2 protein chains.
Amino acid sequence: MAQYSAEVDGVFVALADPTRRSVIRRLGRGPTSVGELAADFPITLPSFMKHVRTLESNGLIRTVKVGRVRTCVLNRDRLALVDDWLAEQRRTWEDRTDRLESLVTEPMEES
Amino acid sequence: MAQYSAEVDGVFVALADPTRRSVIRRLGRGPTSVGELAADFPITLPSFMKHVRTLESNGLIRTVKVGRVRTCVLNRDRLALVDDWLAEQRRTWEDRTDRLESLVTEPMEES
DNA sequence: CCGATAGTTAGCGCAAGGGCTAACTATCGC
DNA sequence: GCGATAGTTAGCCCTTGCGCTAACTATCGG
């Protein structure tokens, strides 16, 4: 039961927000300043910064401030945790026969 | 900007909770009744049911009630959305050179 | 039919999440 | 040095999420 990994949890929590997922996508194209990133979203800078902090504190991005500009960089390694999690799922369900599945495969009316 | 897919969003939101991820893992081993699932967690049944509903309404599991027992089944297809999302990330960042990355690769002191 | 079992419904409490404004700090450019 | 630019801090609001109890419904078993 359980197997609570705070790391994995943090990553999933960070990815649960569409704004943050968009930031990740954007950063896939290369490092970008906070201001430039924020311009894509209809929220205020302070609100946006919270997302940046969340992403950073969960390890999905790194940021560096040079002068007055903070630049964000994607941390791909961390996304791999999601991959690992998915892989583990697959491993689990490949280990078993699917006989029982058929019992409920055809969707019936909800009670 | 954006590309808001409610489906993808729902899946990530559902996966953001450790209890729900554990349920997914468990269901990887085969269909299981609500009661049996709930026994693994230190929360009350009604609380647990909310997680089940969340998983179901986001398409990660299906459930069928037979007599007084509700049985849950994993819906693997839905997990594939996560896979797709990750694949898209990789596609994006494979399309570019990594020159800029080095600028910030060595962690500096936080401001 | 009656008690036990398996979920369900209703409603409540509280902490966290995501948004905002206002006001402040720290460069940069000239 | 001064104004504009780029973040940052502080504090507030409101909704949502996740947990709980209490009480109810609906099988199942005998």
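Note that the structure is a prediction, hence the values are computed from the model and not measured.
As rounded to whole Å, 13 Å separates atom P of C:dG11 from atom NZ of B:Lys50. As rounded to whole Å, 17 Å separates atom C1' of D:dG17 from atom CZ of B:Arg53. Distance A:Phe48 CZ to D:dT8 P: 11 Å, rounded to the nearest Å. Following rounding to the nearest Å, A:Arg70 (CZ) and C:dT25 (P) show an atom-to-atom distance of 18 Å. In this structure, B:Leu55 atom CG and D:dC18 atom P are separated by 10 Å, rounded to whole Å. Distance B:Met49 CE to C:dA6 C1': 10 Å, rounded to the nearest Å. Going from atom CD1 of A:Ile43 over to atom C1' of C:dT21 covers 14 Å, rounded to whole Å. At whole-Å resolution of the value, CG in A:Leu45 and P in C:dC24 are 18 Å apart.
In this structure, B:Arg68 does not reach the C:dA4 phosphate: none of its side-chain N or O atoms is under 4.0 Å from OP1 or OP2. Not one side-chain nitrogen or oxygen of B:His51 sits closer than 4.0 Å to the OP1 or OP2 atom of D:dG17. Checking the phosphate oxygens (OP1, OP2) of D:dC20, a side-chain nitrogen or oxygen of B:Thr44 falls inside 4.0 Å.
Two different hydrophobic clusters hold B:Val13 and B:Leu60 under the rule that ILVMFWY side chains link at heavy-atom gaps under 4.5 Å.
With A:Arg20 contributing its side chain and A:Ala14 its backbone, the two residues share a donor-acceptor pair below 3.5 Å.
Nearest-nucleotide assignment on DNA chain C puts the 5′-proximal partner with A:Val13, out of A:Val13 and A:Ser47. Heavy-atom nearest nucleotides on DNA chain C were determined for B:Val34 and for A:Arg20, and the one closer to the 5' end corresponds to B:Val34.
A salt bridge is defined here as a Lys NZ or Arg NE, NH1 or NH2 lying under 4.0 Å from an Asp or Glu carboxylate O, and A:Lys50 with A:Asp17 fails to meet this definition. Salt bridge status for A:Asp83 with B:Arg90: present, with a side-chain N to carboxylate O gap under 4.0 Å. A salt bridge links B:Arg53 to B:Glu56: one of the charged nitrogens lies within less than 4.0 Å of a carboxylate oxygen.
Considering only side-chain atoms of A:Pro46, the nucleotide from D:dT21, D:dT9, D:dC18 that sits closest is D:dT9.
Using a 4.0 Å heavy-atom cutoff across all strands shown, A:Thr54 reaches no nucleic acid atom at all.
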